[in-house]
Amino acid sequence: MRGKRIVVLPLLVASVFLFAGAALNHSWASPANPSLGIFEASGDVGTVLHPGSADYDASTATYALTGSGENIWFKADAFQFVWKKMSGDITLTADVSFPTTTGNPHKKAVLMLRQSLDADSVYADVALHGNGMTALQFRDEKGGLTREIQSNLSAPRRLRIARRGDYVYMSLAAAEGEPEVAGGWLRVPLQGTFYVGIGLSSHDKDVTEKANFSKVELTPSAPSAGQPTVYSTLETVAVKSVERQVVYTAPEHFEAPNWSRDGSFLIFNRDGHILRIPIAGGKPEIIDTGFANRCNNDHGISPDATLLAISDESQGEHDSLVYTVPISGGTPRRITKNSPSYWHGWSPDGKTLAFVGQRNVGVGGDDFDIYTIPVEGGEETRLTTAKGLDDGPEYSPDGTFIYFNSERTGSMQIWRMRSDGSRQEQVTFDEFNNWFPHISPDGKWMVFLSYEKGVAGHPPNKDVSLRLMSLDEKKITELAKLFGGQGTMNVPSWSPDSKQLAFVSYQLIPDEVGGTK
């Protein structure tokens, strides 16, 4: 909570741009196998019943692949692959298409980076499916499960996969022009020399399919000396399948989604304003918050969906204060008398707000603690007094508990207490620093943001994970790994049916590629 502010471009993480493997393989310009153009070899990866093939037409610079294979998914892959060994930072771009619309709708034509030719290898690819769905797929450990981030652009014409340091991302173009960043900035641990190429899986072990790759460009990239462009991506993740879906991405910094009570739209903050966007994507629209034009990332919707609680820094000494405003926009109504105050939770009956405040600064009261206050305003009630930071208070759906994060034991862990502040007890006990607990509307799950042990506070531009705890069994699983932190999931972001979560991931894209070229 310390240092909360209106939207500022995140500080750049130097390590992102000290790319591993800066010595590039320049032999791409002189192919070892002229019959395959810029690539060296081809063959089937994994177990296939029908051998694949690759033909290169030099006159049109087009690759025609025929491939079988059950899938590129789960713990092992089966597909036709045309590849070249490279190292360092690369960009692979191609126009990709299927000559027919028949076959399995999930047949896949891919641009791929792969550690080895083993079926269970670490890899990342941009996969165009037969039905037009396009995703950044990845397996970040040998023998692990494949996961994906689905783009909100269907049936793109031109695809790109790029590696920068340990990170991989995708860019797409619907028609003419260069691909634009389409979400996904993932740490995929490719070591030393790896395979770069194009591939095809029929998604049906008993048949073969065809795909065409034209205008293929494979280029090594030197590290950029300039500042990158910061991209923010609004995503959702399904609890059951852990599949991620891009809702909106843009070359700007925005934060902290709330899911509407009817499930139809999302709310987030950008440049001091609150915006809403349909869950299907589109153009965000600013919600009128009057004079409150320095809103930070602590905001949320009332249980009856009529009000929005915001935390704004536009007044007085520009410390954060809590206000309510009609959900459709209007004049803010001040709730907290004292500052700084940061909203985090509504009681289920809509009568009480939970927030974090710092009081009596400089006279022995520097700690952030958790308070409640009537939604109509009045006197605040202090609920925590432990030394150190207490943050992120959120009510359970039945109003019995308030969950929060606290560093009182030396690391940031999740705690809970009765709604009157009594019976404070620790909930998580692990080697991560855990922030911002959010309880599902059905009361079965808690999701929270986890940093590595050595990370202090909740800074931006870090490798983090969203983790899910079953409140009955206390079992924790990982929902998503991403690049983010501050702004990713500060406030309640569950879908009303408890099946999905919304969050924001971030990318630091070098200026020479990915829509800024």
Least distance between heavy atoms, [X] atom then [Y] atom:
X	Y	result
Ser498	Val239	O-CG2, 4.2 Å
Asp312	Asn293	OD1-N, 3.4 Å
Arg147	Ala480	NH1-N, 3.9 Å
Val325	Gly330	CG2-O, 3.3 Å
Ser302	Arg261	O-NE, 3.1 Å
Pro496	Asp262	CG-C, 4.1 Å

Subject >> Whether His253 and Tyr506 hold their rings parallel, tilted or perpendicular, with breakpoints at 30° and 60° >> reply: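 Rings of His253 and Tyr506: parallel, under 30°.
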Subject >> Parallel, tilted or perpendicular: rings of His129 and His106 (30°, 60°) >> reply: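 Rings of His106 and His129: perpendicular, over 60°.
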If we only count heavy atoms from C-beta on, is the [X] to [Y] side-chain gap below 4.5 Å?
X	Y	answer
His458	Tyr451	yes
Val491	Asn297	no
Ile402	Thr372	yes

Subject >> Arg359 and Asp369: CA distance, side-chain angles, deciding distance, side-chain contact (heavy atoms from CB on, under 4.5 Å) verdict >> reply: CA-CA 8 Å; Arg359 303 292 181 257; Asp369 284 298; over 6 Å; no
Distance-only, no hydrogens or angles: does the [X] side chain make a donor-acceptor pair with backbone N or O of [Y] under 3.5 Å?
X	Y	value
Asn433	Ser411	no
Thr134	Gly132	yes
Asp166	Pro189	no
Ser320	Ser341	yes
Ser311	Trp343	yes

Inspect the contact between [Y] and [X] and indicate whether a charged nitrogen and a carboxylate oxygen are less than 4.0 angstrom apart.
X	Y	answer
Asp390	Arg408	yes
Glu452	Lys462	no
Arg333	Glu376	yes
Asp463	Lys481	no

Taking atom types as modelled, is there a side-chain donor on [X] or [Y] under 3.5 Å from an acceptor on the other?
X	Y	value
Thr306	Asp304	yes
Thr146	Glu148	no
Gln413	Thr428	yes
Thr93	Arg160	yes
Tyr403	Arg416	yes
Arg164	Thr91	yes

Subject >> Verdict with supporting geometry, Ser470 and Asp472, side-chain hydrogen bond (donor to acceptor under 3.5 Å, both in side chains) >> reply: CA-CA 5 Å; Ser470 165; Asp472 286 338; 5.3 Å; no
**OP:** Evaluate the criterion ring pair (Phe, Tyr, Trp, His ring centres under 6.0 Å) for residue pair Phe291 and Tyr323; output intermediate values, then yes/no.
**Re:** CA-CA 11 Å; Phe291 61 79; Tyr323 301 84; 5.7 Å; yes
Original post:
Crowded around Glu379 CD? As in, over 12 foreign heavy atoms under 6.0 Å?
Top reply: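 It does not: Glu379 CD has 12 such atoms or fewer within range.
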**OP:** Answer yes or no: does atom CD of Glu285 have more than 12 heavy-atom neighbours from other residues, nucleotides or ligands under 6.0 Å?
**Re:**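 No, the 6.0 Å shell around CD holds no more than 12 heavy atoms from other groups.
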Distance in Å, [X] [atom1] paired with [Y] [atom2], rounded so as to fall on 0.5 Å steps:
X	Y	atom1	atom2	value
Leu321	Arg294	CG	CZ	12.0 Å
Cys295	Asn269	SG	CG	7.5 Å
Glu473	Leu471	CD	CG	10.5 Å
Ile267	Ile301	CD1	CD1	4.0 Å
Phe448	Asn405	CZ	CG	10.5 Å
Trp415	Asp391	CH2	CG	15.0 Å

**OP:** Verify side-chain contact (heavy atoms from CB on, under 4.5 Å) between His438 and Glu394, making sure each step is shown before the conclusion.
**Re:** CA-CA 7 Å; His438 305 306; Glu394 185 171 315; 2.6 Å; yes
Subject >> Check against side-chain hydrogen bond (donor to acceptor under 3.5 Å, both in side chains), Glu255 and Asn490 >> reply: CA-CA 8 Å; Glu255 302 177 307; Asn490 297 56; over 6 Å; no
**OP:** Compute the centroid of each ring, for Tyr248 and then for Phe254, and state whether the two points are separated by less than 6.0 Å.
**Re:**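 So the answer is yes for these two rings.
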Original post:
Given the rule in the side-chain contact (heavy atoms from CB on, under 4.5 Å) test, do Phe436 and His344 qualify, once you have shown the distances and angles that lead to the verdict?
Top reply: CA-CA 9 Å; Phe436 304 130; His344 274 275; 3.9 Å; yes
**OP:** I would like to know whether Tyr371 and Phe355 meet ring pair (Phe, Tyr, Trp, His ring centres under 6.0 Å); could you show each step before the answer?
**Re:** CA-CA 5 Å; Tyr371 296 79; Phe355 67 96; 5.6 Å; yes
Subject >> Member of Arg467, Lys453, Lys474 meeting the salt bridge (Lys or Arg N to Asp or Glu O under 4.0 Å) criterion with Asp430 >> reply: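 Testing Asp430 for a salt bridge (Lys or Arg N to Asp or Glu O under 4.0 Å) against Arg467, Lys453, Lys474 leaves exactly one candidate, Arg467.
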Subject >> Check against side-chain contact (heavy atoms from CB on, under 4.5 Å), Asn461 and Phe483 >> reply: CA-CA 6 Å; Asn461 298 341; Phe483 190 72; 3.7 Å; yes
